[in-house]
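Only one structure is covered here, and it is reproduced in the block below.
Atoms within a ligand are numbered from 1 in the order they appear, just like the ligands themselves. Position 1 is the first residue of the sequence, and the numbers go up from there. Here the structure is a predicted model, which is why all the values come from computation and not from measurement.
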Amino acid sequence: MGSMQKHETNAEPRPWVLAEAAWHTVSRTSYDVAILPWGATEAHNYHLPYACDSIQVEHMAIESARLAWEAGARVVTLPTMPFGVQTGQLDIPLCLNVNPSTQAALLEDIVRSLSNQGIRKLVLLNGHGGNDFKAILRELQPRVDVLTCLLNWYTCVDPRTVFDEPGDHAGEMETSILLHLVPHLVRPLSDAGPGAARPFRVRALREGWAWTPRVWRATTDDTGVGDPSRATADKGANYFGAVTARISQFLVELARTPQEELYER
Ligand SMILES: [Zn+2]
């Protein structure tokens, strides 16, 4: 399967995209940091594609790696993991679930491959709210020598600086970003449902200080959570630019910092 990143077919392979790189490039490049985009396959209201999360996270990773590469950091984007945790959507056709314990096993296999090959820094770029990697990294850390950092792209720049009402799932933020990245995959907004979510009846759950995973069908009728009606490609471009600039700065700093000098003295 090719990369989902829009890229001219007659352009040079990009050395920061592993899926495009040949051994010719890889054997001569000393990569400092690998970045692993992790998405999901799930319904996104009536108007966005099932790969929404994977498309966003892959573009974020590749563009951040490109910017970091231009600043001198040797970053390689690994192929995108397309399957996320969908335990609340098992009854929605073709929402494809991979359990957290399976993700832990997959991640450990990737990390051990990198470790054997001398790449000791990994950024796990997550693009799906149901993927919960903190507990997985806490368990993995003492077993491996690869510094693995977690970053959810949607938390590194406050979306309220760009969007009126960002939304949780297929709302204004995700719709805007897809309108910017892959407008041909976005159905007319007149096809979209309102993305209205039913709140919990129990107060603590509704206010968010007690938590239980949401049963998606009980929460929303159109699978969306968040109103997409004010989405625009311009908002998507603004936010995408801000997020990738921020991530690339992190990649550059991480590439430059030796593992044993991670903490201030
Ligand atoms: Zn999404």
Check residues 250-263 and write down every donor-acceptor pair under 3.5 Å in which the side-chain atom is one partner and the other belongs to a residue at least two apart or another chain.
unit_1 : atom_1 : unit_2 : atom_2 : d
Thr257 : OG1    : Glu253 : O      : 2.6
Gln259 : NE2    : Arg120 : O      : 3.0
Gln259 : NE2    : Asp145 : O      : 3.1

Worksheet item: Is the closest side-chain donor-acceptor distance between Glu58 and Thr80 under 3.5 Å?
Response: yes

Worksheet entry | Which residues share a salt bridge (Lys or Arg N to Asp or Glu O under 4.0 Å) with Arg112, sequence neighbours left out | Glu108

Practice prompt. Could you verify whether a donor N or O on one side chain and an acceptor N or O on the other, from Ser229 and Asp227, lie under 3.5 Å apart?
Written response: yes

Item to complete: State the count of protein N/O/S atoms located less than 2.8 Å away from the Zn ion (ligand 1).
Response: 4

Distance-only donor-acceptor hits, side chain of residues 83-95, under 3.5 Å, sequence neighbours excluded:
unit_1 : atom_1 : unit_2 : atom_2 : d
Gln86  : OE1    : His128 : NE2    : 3.4
Gln86  : NE2    : Glu42  : OE1    : 3.0
Gln86  : NE2    : Gln89  : OE1    : 2.8
Gln89  : NE2    : Glu42  : OE1    : 3.1
Asp91  : OD2    : Arg217 : NE     : 3.4

Worksheet item: Gly195 and Asp222: which non-hydrogen atoms are nearest, and at how many Å?
Response: N-OD2, 2.8 Å

